[in-house]
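Here's the structure we're looking at; comments come further down.
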Amino acid sequence: MTDTTPIPFLDLKAQQARIAPELRRRLDAVLAHCQFVLGPEVAELEAALAAFCGAAHCVAVSSGTDALQIALMAEGIGRGDAVFLPAFTYTATAEVPLVLGATPVFVDVDPATFQIDPAHLAGRIAQVRAAGRLRPRALIGVDLFGQPADWPALSAIAAREGLFTLDDLAQSFGCTLGNAPLGRAADATATSFFPSKPLGAYGDGGALFTESAERAALFRSLRTHGEGTTRYEVLRTGMNGRLDTLQAAVLLAKLTVFRDELAARERIARTYDTALAGAVVTPARVPDSTSAWAIYAILLPDAATRTHVQTTLSAAGVPTAIYYPRPLHLQPAYRDHHDGTALPVSEDLATRILALPIHPDLSDAAAARVCATLRAALGARSAAR
Ligand SMILES: *Cc1c(COP(=O)(O)O)cnc(C)c1O
C-alpha cells in the first residue's frame, strides 16, 4: 500500500527536539534574571547576527514588518515619496510605505528567478519621474524564497537615481551572494524571525543591519519610542519595536544549528531538482549565490494543472502552498494605489506557482515520496488528456 502518512510542511517539533538541551538552558537563564525586555540575550544575539553576516551593526526588533518600518522612518520617508518594490512578495513589503503615507510603486519580477527585475525597475523610475507627481525616494529589494535579489544591478540603479536602498531579507537570512552572506548589500537590511522563516523564533521577531553607526543609533531610538540618551528624553516619534528577551534566547539556541540546517535544506533542494527535472519547472538559481531555501517553488503549465496537482498531493499526505495567489498590485488593499501598469510576469506566476515542503527535518524518504507523488499526479493528468 502507498504511504499516505501526512508529511509536515514545516516541522518545528522535530527541530525543537534536536535543540532541546540548549533551548532549555537559554530559557532558564532568562527566567532566572527576569529581564524580559532588552535583557542581555538581546545584545548577545545582535552581536552574533552581525558576525554571521559580516554587518557592522545589528538592531533586534519586534518583527520583520517593524524592521522595514523603522528603516523607512529613520530615512524620513512619507507623503509624496515613491517607494519601489516588487509586486510578487508578501504584503508587509508594500504595507509599510503606505502606513507611513508614502506610495508603493510596484515593479515586475524576473520570470526565471522570481526576483525583482532591475530593467523593469529602471523603467518604473523613469515613468514616475515623467509623471512628476511623486518623488522617487527608496527601493525595497526583496530576496524572495531564500535567494538573493540582483543587488549589484539594483544598487547601481539606486546610486544613479539617488534612492535609499532597503533589503527585505525576511525570507532569506543565511543566503549568500558573491560568496558573502547577505546583510550589507543595501543601506539597511531588514529580516524576520517569524517561526516559519529559515531562522525562526517562537513568536514574532526581526532585525535590522546597517554599516552606518548613525543609522544604527536611529534604529535603536526608534524601536524605543524615539528615546534620547535618557529614557525620558523623547527626540522623535518612534514606536514600541523591541525584540523580547525570550525570543532572543530561542534564536541564540537555534543559531547553534543554523548552518547545518541551511545545508540540510540545500540537500533537499538538490534532491528535488534531480528527481523533478523534466516533469516541472524547478527553481532557477540566482548566479553566484546560495539559497536559504525558505520556499522551494515549482512552476506548472497552467492553473488547472496546479489545482489538480495540489488536490492529488494533499490526498496523498503531501502538503503544498501557494506563494502568492495574487500579486500585490491586484489586492483590494493596494489596487487603488497602483497606477494601472500591467505586471505580466507577477500575474502569470500567481496562477502557476506551487511550493513543496522543504525544512531541515524532512527525511530523504519523505522528499522522495513528494517527488514520486508529484510525478504520478502529472503522469495521470497527461494520460487523461
Ligand atoms: C515574512 C515577511 C515579512 C514580514 O515579517 P514579519 O516578521 O512577519 O513581520 C516581510 N517581508 C517579506 C518578504 C516576508 O516574507
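Computed from a predicted model, the values in this text were never measured in an experiment. In what follows, residues are counted from 1 in the order of the sequence shown. All ligand and atom numbering here is 1-based and tracks the order in the structure.
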Numbering the atoms of ligand 1 from 1, which are under 4.0 Å from a heavy atom of [X]?
{"X": "Ala92", "result": "3 (C), 4 (C), 10 (C)"}
{"X": "Gly64", "result": "5 (O), 6 (P), 7 (O), 9 (O)"}
{"X": "Thr89", "result": "13 (C)"}
{"X": "Ala170", "result": "2 (C), 3 (C), 10 (C), 11 (N), 12 (C), 14 (C)"}
{"X": "Ser63", "result": "7 (O), 9 (O)"}
{"X": "Thr93", "result": "11 (N), 13 (C)"}

Fill in: Under-4.0 Å salt bridge between Glu46 and Arg220
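Salt bridge present between Glu46 and Arg220.
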Fill in: Ala304: partners by side chain to side chain contact (heavy atoms under 4.5 Å, CB included), with sequence neighbours left out
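Ala304 satisfies side chain to side chain contact (heavy atoms under 4.5 Å, CB included) with Asp302, Arg381 once adjacent residues are dropped.
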Item to complete: Only counting residues at least two apart or in another chain, list the ones meeting side chain to side chain contact (heavy atoms under 4.5 Å, CB included) with Pro148.
Response: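 Testing Pro148 for side chain to side chain contact (heavy atoms under 4.5 Å, CB included), a comparison that skips the adjacent residues, returns Asp143, Cys175, Leu177, Leu182, Val286, Ser289.
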Worksheet item: For atom 11 (N) of ligand 1, what's the nearest protein heavy atom and its distance?
Response: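 Ranking protein heavy atoms by distance from atom 11 (N) of ligand 1, first comes Asp168 OD2, 2.8 Å.
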Worksheet entry | Residue, atom name and distance, where the atom is the protein heavy atom closest to atom 14 (C) of ligand 1 |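 Protein heavy atom with the smallest distance to atom 14 (C) of ligand 1: Lys197 NZ, 3.0 Å.
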Practice prompt. May I ask you to establish whether Lys197 and Tyr90 are in a cation-pi arrangement, using a distance under 6.0 Å from NZ or CZ to the six-membered ring centre and at most 45° from the ring axis?
Written response: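 Checked: cation-pi criterion met.
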Worksheet item: Do you see a donor-acceptor pair shorter than 3.5 Å between the side chains of Tyr296 and Asp273?
Response: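 Side chains of Tyr296 and Asp273: pair found under 3.5 Å.
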Worksheet item: Would a hydrophobic clustering, with Ile, Leu, Val, Met, Phe, Trp and Tyr connected at side-chain separations under 4.5 Å, put Leu166 with Trp151?
Response: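 Not linked; separate clusters.
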Practice prompt. May I ask you to identify, for Thr65, whether its side chain, its backbone, both or neither come under 4.0 Å of ligand 1 on a heavy-atom basis?
Written response: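 Near ligand 1, Thr65 shows its backbone as well as its side chain.
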Practice prompt. Kindly determine whether Gln331 and His337 satisfy side chain to side chain donor-acceptor pair (under 3.5 Å), including the steps that lead there.
Written response: CA-CA 10 Å; Gln331 288 284 2; His337 300 280; over 6 Å; no
